[in-house]
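Everything below concerns the one structure shown next.
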Amino acid sequence: MHTVSPTYADPMETGSPHDTGTAGTDGPAAAAGPAQEHGPAGAGDGPVWIALPPGLLKVRRLMLVVWLGLSALAAGLVPGLLAGPVWAAFAALPLALLAWGWVLLERNWRSWRYAERADDLLISRGVLWRQETVVPYGRMQLVEVTSGPVERYFGLASVQLHTAAAATDATIPGLDPAEAERLRDRLTQLGEARSAGL
């Protein structure tokens with residue numbers, strides 16, 4: 001049996017896909033515990049939503065700062081040297097995009113979550129347009145863990161789910177490698193069991 005690795009919560013969560021609530025705890029212990037939400041899954045307790053770790057947000061913000069920081073430098077330095085210091089104000093546009101993107105990335109990161117149910121996996125994401133994907137275990141054909149150079153440097157990995165129908169393929173990004181491997185192994189086992197009719 002695998003041990004579920006810690007999940008991450010933010011008590012200031014906004015834009016959640018369902019009415020939020022903690023699973024059985026209140027007070028300071030609940031604020032420091034895993035991110036859990038009850039979804040609309042009929043009677044009784046709903047799915048327990050697991051949030052993505054904060055490492056993904058850090059990586060995305062770092063990439064944003066690098067790219068828009070270089071853009072701001074180029075937009076201010078080149079016109080400033082060629083046409084005068086007044087034209088260096090063009091650097092304000094990339095800086096404004098940086099500030100806007102900084103906030104938007106956090107909202108997008110908070111919107112990502114997944115929940116393991118008895119027969120399927122739920123993946124929810126999106127800020128303005130919510131999208132919730134239901135991936136039945138019995139339709140999973142391949143579950144793989146991927147990690148690019150940047151992800152490996154920051155200790156992150158993604159789980160990619162491939163099903164019989166391409167429309168239900170899904171990805172969970174920015175997981176801790178141990179959690180990604182645990183999720184891959186569990187989903188693979190459940191997929192094989194459901195396909196065999198167990």
Side-chain angles (χ1 to χ4, degrees), residues 5-22 28 30-39 47-115 122-133 145-161 169-180 183:
S5 60
T7 57
Y8 301 88
D10 189 328
M12 300 301 291
E13 173 75 23
T14 58
S16 59
H18 310 294
D19 294 336
T20 59
T22 55
Q36 298 178 338
E37 283 187 7
H38 294 293
V48 178
W49 293 98
I50 304 174
L52 298 184
L56 178 64
L57 177 61
K58 294 178 182 177
V59 171
R60 289 180 173 177
R61 280 181 165 175
L62 177 62
M63 300 301 293
L64 180 72
V65 169
V66 169
W67 288 109
L68 288 183
L70 292 175
S71 299
L73 183 62
L77 188 60
V78 174
L81 292 176
L82 297 179
V86 175
W87 293 94
F90 278 110
L93 179 59
L95 292 177
L97 290 175
L98 175 60
W100 177 74
W102 187 274
V103 175
L104 187 62
L105 283 176
E106 181 175 359
R107 293 188 64 191
N108 178 265
W109 165 72
R110 291 188 187 202
S111 73
W112 275 88
R113 60 197 66 240
Y114 63 97
L122 300 180
I123 302 174
S124 179
R125 61 200 179 275
V127 178
L128 295 179
W129 287 274
R130 302 293 311 177
Q131 182 176 358
E132 190 169 289
T133 303
V145 175
T146 62
S147 184
V150 176
E151 287 180 309
R152 287 196 304 273
Y153 182 81
F154 288 95
L156 300 174
S158 299
V159 174
Q160 293 186 347
L161 312 171
D169 287 357
T171 301
I172 305 175
L175 297 174
D176 293 329
E179 167 65 5
L183 191 60

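Annotation: side-chain contact (heavy atoms from CB on, under 4.5 Å) contacts of L62 (sequence neighbours excluded): V66, F154. Take R152 and apply the salt bridge (charged side-chain N to carboxylate O under 4.0 Å, His left out) test, not counting sequence neighbours, and it matches no residue. In this structure Q160 satisfies the side-chain contact (heavy atoms from CB on, under 4.5 Å) test together with E144, T146, H162, T171, sequence neighbours excluded. With sequence neighbours excluded, the residues forming a side-chain contact (heavy atoms from CB on, under 4.5 Å) with A115 are P47, W49, L122, listed by chain and number. For P173, the side-chain contact (heavy atoms from CB on, under 4.5 Å) test picks out L52, L56, R60, W112, S158, with sequence neighbours left out.
Counting heavy atoms from C-beta outward, P54 and W109 have side chains that approach closer than 4.5 Å. L98 places a side-chain heavy atom less than 4.5 Å from the side chain of V65.
In plain terms, the two heavy atoms of P53 and L175 that are nearest each other are CG-CA, 4.1 Å. Shortest non-hydrogen contact noted between A157 and A180 is CB-CB, 4.0 Å. Minimum interatomic distance between T133 and R125 (heavy atoms only, all atoms of both residues): OG1-NH1, 3.3 Å. Nearest heavy atom pair, residue G174 against residue L156, reads O-CD2, 3.7 Å.
Rounding to the nearest 0.5 Å gives a distance of 8.0 Å between CG of L183 and CD1 of I50. Summarising the geometry, atom CG belonging to L104 is positioned 11.0 Å from atom CG belonging to L97; distances are rounded to the nearest 0.5 Å. Between the CZ atom in R107 and the CG atom in L128 there is a gap of 6.5 Å [rounded to 0.5 Å]. The CG atom of L105 lies 9.0 Å from the CH2 atom of W102; values are rounded to the nearest 0.5 Å. Distance CZ/R113 to CD1/I172: 12.5 Å, rounded to 0.5 Å.
Side-chain N or O atoms of E151 include one that pairs as donor or acceptor with a backbone N or O of G148 at under 3.5 Å.
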